[in-house]
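Accompanying notes for the structure given below.
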2 protein chains.
Amino acid sequence: MTRRTRRTSGRVTLDDVARRVGVSKITISRALREPWRVSEGLRQRIDAAIDELGYIPNRQAGALASARSRSIALLVPSLSNAVFSEVIRGVDEGFVGSGYQVLLGHTSYSREEEAHLIDTYLSFGVDGFIISGSQHTESARQRLARAGLPICEIMELPEAPLDMAVGFDHEAAGHALTTALLELGYRQLGFIGARMDYRARRRFAGWQRALNEAGLSADACLTTEAPSDYRLGGCLLGTLLERHSGLEMVCCGNDDLAAGALFECQRRGITVPDQLGLTGYNGLDITEATTPTLSTVVTPRRRIGIAAATQMLSRLENGRVTQPLQDLGFEIALRESTRARGE
Amino acid sequence: MTRRTRRTSGRVTLDDVARRVGVSKITISRALREPWRVSEGLRQRIDAAIDELGYIPNRQAGALASARSRSIALLVPSLSNAVFSEVIRGVDEGFVGSGYQVLLGHTSYSREEEAHLIDTYLSFGVDGFIISGSQHTESARQRLARAGLPICEIMELPEAPLDMAVGFDHEAAGHALTTALLELGYRQLGFIGARMDYRARRRFAGWQRALNEAGLSADACLTTEAPSDYRLGGCLLGTLLERHSGLEMVCCGNDDLAAGALFECQRRGITVPDQLGLTGYNGLDITEATTPTLSTVVTPRRRIGIAAATQMLSRLENGRVTQPLQDLGFEIALRESTRARGE
DNA sequence: TTGTACGCGTTATCAT
DNA sequence: ATGATAACGCGTACAA
């Protein structure tokens with residue numbers, strides 16, 4: 001029955017360390033956050049005590065007191081889509097050594113789920129948001145606006161960014177790829193797409209525009225809202241080929257579909273690229289591994305992540321940012337699944 | 001110069017809502033957590049006020065006051081390895097509607113990084129840990145023990161679980177697959193492996209044991225610590241074939257390597273399974289998509305995630321758990337990349 | 001059904 | 001260089 005109060009968890013606190021060393025707890029706190037303001041000898045005793053006691057700071061208390069959590073939320077549509085693992089890696093890289101913790105969330109391609117996650121992470125007191133895409137619910141926009149936190153929208157180039165943005169133009173990418181194919185001499189082009197989210201629709205639109213501009217038909221297309229995977233690529237290709245004869249080339253909305261389409265061609269004895277050309281989108285590892293390798297659009301996912309983190313950090317620390325809208329471009333990679341020029 | 005104090009963030013608090021409604025803040029708090037204990041009419045006015053003001057609870061404050069954060073940490077080695085996206089999905093599923101938030105971390109296959117993440121999430125005040133694997137640093141073990149939180153180790157079956165565990169026996173899986181191959185008549189078997197972490201070594205050990213028991217050579221093996229990817233599968237296969245002639249079958253440590261090996265065979269004009277058999281490990285989507293489809297060991301990743309979440313929840317809410325060590329088994333899937341029985 | 005008093009573990013502010 | 005005090009926003013315990 002000492003003067004002890006609640007202290008339900010046996011957890012070691014700043015106070016415990018302070019008592020152990022014989023100083024006040026604010027000194028311990030300082031030794032941790034501003035070591036140079038604490039005398040050498042004391043600092044060593046403090047470090048030793050922290051080690052002995054196994055003290056672990058309580059970030060909740062710290063965040064409550066300082067009104068900053070030193071954490072940011074990163075919201076991506078999917079964790080199973082390899083596209084985003086590179087983005088995540090980039091963001092992580094960008095925050096390494098900064099003292100910020102990245103809190104990861106996945107929205108399952110749902111704006112409602114995104115809105116919910118935004119609330120959740122707001123209640124966690126994150127200091128900023130990095131969010132894939134520009135399509136948010138009205139409610140989410142309001143919450144974010146009200147919170148007044150730094151926000152970086154990634155992957156695309158929003159017409160009206162909430163705050164900052166890093167990405168590239170998917171419509172232009174779709175258009176550029178298709179134009180490159182036209183230059184190779186392809187005239188009968190098809191398109192298959194799955195999980196037609198905003199970005200997927202943009203690249204599809206680019207494909208259509210390129211064909212329209214060339215006076216070619218853009219009718220041989222087949223898209224679905226279903227999640228993308230390898231087998232779906234095969235199915236869509238099969239259906240497309242049944243419906244449209246004479247296709248020389250099928251552009252796939254992403255690399256998974258393209259790989260699946262390639263496997264289907266192998267199953268059917270269709271040689272690629274001799275009988276049929278194939279392209280993907282994103283430049284995942286698999287596009288360089290298959291036989292034949294897959295032509296695709298290489299997107300700067302890792303660099304987007306790094307740039308977003310850098311932008312966010314600069315905003316968080318210095319307050320301002322030099323370039324609120326960054327276009328990181330893309331690269332057309334023509335490989336073995338498309339015929340060589342003049343062939 | 002009112003009696004205002006710090007109130008640096010313009011954030012809406014429980015008190016703001018309370019004043020708006022004209023009750024005390026504890027009533028608002030209750031309306032949120034135990035709605036049935038607040039009178040109907042009042043509850044509606046409270047909900048309305050919350051909506052108007054855009055109140056978002058501060059979990060840090062809540063956690064600080066209640067000593068529970070209603071969040072758990074899920075630690076996986078990698079986010080780019082598709083193996084773990086299924087696990088994550090399972091855990092998420094298991095926690096849906098529970099009110100718990102899953103905080104995700106990836107260790108990059110490093111025990112030191114894992115130890116660091118454990119400290120980080122302890123400082124976030126998580127209520128429990130779900131951790132891939134059983135190999136932790138001594139320091140991590142101590143921290144976890146001292147924290148006294150529920151822990152679920154997943155993917156494997158640790159000899160001495162820290163607390164609870166859900167997984168299966170990788171050595172047995174490697175052995176069972178190899179045995180199945182022997183029954184198909186294969187006698188000259190090779191093995192390639194990458195990222196030889198504990199689990200990868202276990203399945204390799206199973207492969208070796210099966211060959212030893214059959215009196216066959218287990219010399220044709222090639223492993224590396226390098227991260228696994230498709231192209232590496234091709235490289236390793238190439239090297240193995242150069243070093244060992246007469247191989248009828250190459251077992252790959254995971255599906256990525258197997259797919260890469262298959263692509264390499266296609267490149268070299270080696271027909272699978274006629275000239276060479278191939279197997280993978282895990283049962284990722286790609287194994288059912290390639291031509292030929294890949295024989296593999298299907299591992300219960302999603303179910304492991306769900307079971308871990310369920311176990312954790314039951315521990316968190318009821319205090320106890322019926323079966324602290326769950327073996328979820330595995331399944332041998334013989335497909336087109338291995339020859340048919342008696343062929 | 002609703003309210004009061006206090007503490008959770010930390011940091012900001014101001015003092016010494 | 002170090003300390004005292006008062007918040008941060010909420011939940012627990014107990015009271016009314």
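So you know, we letter chains A, B, ... as the sequences are listed, proteins then strands, and number each from 1.
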*Please work out if B:L14 contacts a base, only the sugar-phosphate, or nothing of the nucleic acid, heavy-atom cut-off 4.0 Å.*
sugar-phosphate

*Which whole-number value in Å describes the distance from A:L53 CG to C:dG9 P?*
15 Å

*For D:dG3, does OP1 or OP2 lie under 4.0 Å from any side-chain N or O of A:S24?*
yes

_Closest to the B:A65 side chain, choosing from D:dT2, D:dC8, D:dC10_ = D:dC10

*Does A:T27 have a side-chain nitrogen or oxygen under 4.0 Å from the phosphate oxygens OP1 or OP2 of D:dA1?*
no

*Please determine if B:R89 and B:E86 form a salt bridge, counting it only when a charged side-chain N lies under 4.0 Å from a carboxylate O.*
yes

*asked:* So, OP1 or OP2 of C:dT10: does either fall under 4.0 Å of a side-chain N or O from A:R30?
replied: no

*Has B:S66 got a side-chain N or O lying under 4.0 Å from the OP1 or OP2 atom of D:dC10?*
no

*Is A:D16 paired with A:K25 through a side-chain N to carboxylate O contact shorter than 4.0 Å?*
no

*Touch class at under 4.0 angstrom, heavy-atom based, for B:R59 against every strand present*: nothing

_Euclidean distance, atom CG of residue B:D15 to atom P of D:dC8 [Å, nearest integer]_ = 10 Å

*Nearest listed nucleotide, side chain of B:A61, among D:dT2, D:dG9, D:dG3*: D:dG9

*Between C:dA12, C:dT10, C:dG7, which one does the side chain of A:Y55 approach most closely?*
C:dT10

*Please say whether more than 12 non-hydrogen atoms of neighbouring residues, nucleotides or ligands are located less than 6.0 Å from CD in A:E159.*
no

*d(CD1, B:I26; P, C:dA5) in whole Å*: 14 Å

*Look at A:T13 and C:dG9 and indicate whether a side-chain polar atom (N or O) is within less than 4.0 Å of OP1 or OP2.*
no

*asked:* Could you tell me how far apart A:I28 (CD1) and C:dT10 (P) are, to the nearest whole angstrom?
replied: 11 Å

*Report the C-alpha separation of A:D127 and A:R70 in whole Å, then their side-chain angles, then the decisive distance to 0.1 Å, and conclude whether the salt bridge (Lys or Arg N to Asp or Glu O under 4.0 Å) test is met.*
CA-CA 6 Å; A:D127 296 334; A:R70 291 203 159 272; over 6 Å; no

_Phosphate contact (C:dT2 OP1 or OP2) by B:R43 side-chain N/O below 4.0 Å_ = no

*Do B:R68 and D:dG11 share a donor-acceptor pair, side chain to base, under 3.5 Å?*
no

*Round to the nearest Å and state the distance from B:L122 atom CG to C:dG9 atom P.*
15 Å

*Quick one: B:R37 CZ to D:dT12 P, roughly how many Å, whole number?*
11 Å

*Taking the side chain of A:R33 as its heavy atoms from C-beta onward, which of C:dA12, D:dA1, C:dG9 lies nearest to it?*
C:dA12

*Which distance, rounded to the nearest 0.5 Å, do you find between the CZ of B:R45 and the OG of B:S39?*
8.0 Å

